[in-house]
Protein chains: 2
Amino acid sequence: MTELEKGPTGRRRGRGARERILGASRQLFREQGINRTGMDQLCAEAQVSKRTAYQHFTGKDELVAEYLRQFDPAVMSGVFDRTDLTPRERLLAAFDIPPTTPLCPYIGAAVELHDPEHPASQYARDYKKAVAARLAGAAREAGAADPEQLGEQLALLLDGAAARTRVLDADAFPTAAAVAAVLIDSAIRATA
Amino acid sequence: MTELEKGPTGRRRGRGARERILGASRQLFREQGINRTGMDQLCAEAQVSKRTAYQHFTGKDELVAEYLRQFDPAVMSGVFDRTDLTPRERLLAAFDIPPTTPLCPYIGAAVELHDPEHPASQYARDYKKAVAARLAGAAREAGAADPEQLGEQLALLLDGAAARTRVLDADAFPTAAAVAAVLIDSAIRATA
DNA sequence: TGTTAAGTACACCGCCCTGTGTGCTTACCG
DNA sequence: CGGTAAGCACACAGGGCGGTGTACTTAACA
């Protein structure tokens with residue numbers, strides 16, 4: 001057992017524990033939730049010793065916070081930079097997420113942790129505000145009458161779709177997109 | 001300690017344990033969440049012995065399910081029966097919930113339990129569908145073009161406001177109500 | 001070659017959780 | 001009065017949890 005598998009760099013498989021831990025977090029926190037995933041199971045899945053995990057993260061709380069920070073869904077990363085779309089299409093593209101995408105871990109973390117002071121809860125707030133701000137920016141480009149308001153409204157639709165999909169186990173994003181279309185057209189029409 | 005306080009019926013305070021348990025559930029599950037509320041604490045708060053609790057409910061799971069069944073927010077109970085309002089006002093009244101109201105325990109339970117097969121999760125689904133159906137019914141009375149669609153859309157707005165309020169710790173229901181007004185007017189205008 | 005950083009293996013601690021077992025007390029009701 | 005249903009007090013089992021201590025191994029690097 002001395003000869004372990006080696007990675008592309010020729011280094012021992014053990015190296016890069018932090019990334020494996022975060023990878024296992026993404027998988028297990030999504031599949032089982034945060035509270036129902038123990039550190040033992042998480043470390044086993046990541047093929048990392050528990051000791052190592054607690055040298056990279058001071059505790060589970062910090063790991064959860066970092067897990068949220070790492071998570072960057074398509075909403076924030078690519079959608080708003082697509083110049084091939086009109087501003088209106090860009091706003092609607094935020095609702096066009098593949099069904100396999102894990103459902104809003106920010107809401108999940110805030111509900112599961114149930115502590116507004118928890119670092120992960122604070123980051124969840126920051127993230128939600130950032131999304132609303134981005135939507136407002138795109139709304140401004142699209143020529144909306146009140147971009148801030150429209151951004152907040154669209155953000156609420158995204159959260160509603162996420163929550164409803166989670167509870168009902170049925171994709172609610174098409175419904176949200178339909179509402180978004182009505183809102184956007186209404187807001188743009190108001191300026192014309 | 002033999003002379004315990006007596007209730008209005010003259011019966012011993014010990015009687016009616018089930019109601020006290022459910023009352024404590026409503027309080028503690030809301031304040032601390034389900035997973036973070038232990039049966040020990042819950043029984044202490046309800047002034048009920050643990051043994052009694054487990055004679056009324058086979059386990060915490062059943063208690064959680066019953067807690068959800070008991071919870072009947074204003075959305076379902078009174079709003080739709082108010083004949084003093086126009087159908088349109090009735091639809092909007094669903095969004096006019098007092099800020100002190102505990103925030104959608106159904107979403108909370110579904111997220112916290114993280115098990116679609118859990119009795120409470122199943123009831124949460126049923127409840128969400130029932131709300132959408134009621135909204136659709138009111139939408140029909142209001143003369144909406146597609147009542148089912150409008151009902152689903154309004155239900156999504158309610159869930160979005162609940163989720164967003166929980167994460168951001170800021171009342172999102174006014175925003176949802178504003179969107180609802182646009183949707184309703186748009187749906188009614190389509191029929192005229 | 002020797003040092004050091006990174007990781008491993010594994011036992012272990014204390015805590016809290018759900019759930020039970022046992023024996024006792026009280027109130028109601030025929 | 002006596003029986004019975006409801007409840008109480010309390011200890012305890014069994015397990016999972018987050019987190020730590022200790023001693024060892026490996027790979028990179030100077």
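Remember, predicted model here, so these are calculated numbers, not experimental data. Hydrogens, waters and symmetry mates play no part in the numbers below; they use all other heavy atoms, side chains included.
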- Query: Which pair of heavy atoms, one from B:L68 and one from B:Y106, lies closest together, and at what distance?
  - Reply: O-OH, 3.7 Å

- Here the pair of heavy atoms bringing B:H114 nearest to A:R30 is CE1-O, 3.5 Å

Does this structure show an ion pair linking [X] with [Y], if we count only N-O contacts that are shorter than 4.0 Å?
X: A:K50; Y: A:D40; result: yes
X: B:R90; Y: B:E141; result: yes
X: B:D169; Y: A:R125; result: no
X: A:E148; Y: A:R140; result: yes
X: B:E45; Y: B:R20; result: no

- Ordered by number, residues from residues 49-57 of chain A within less than 4.0 Å of DNA chain C (heavy atoms) are A:S49, A:R51, A:T52, A:H56

- Query: Of all of residues 21-44 of chain B, which get a heavy atom below 4.0 angstrom from DNA chain C, listed by number?
  - Reply: B:T37, B:G38, B:M39, B:D40

- Flag yes if B:I34 and B:F57 sit in one hydrophobic cluster, no otherwise; membership is Ile, Leu, Val, Met, Phe, Trp, Tyr, and two members link when side-chain heavy atoms are under 4.5 Å apart. yes

- Item | Between C1' of D:dG19 and CG of A:L63, the distance in whole Å | 13 Å

- Query: D:dC17 P sits how many Å from A:D61 CG, rounded?
  - Reply: 16 Å

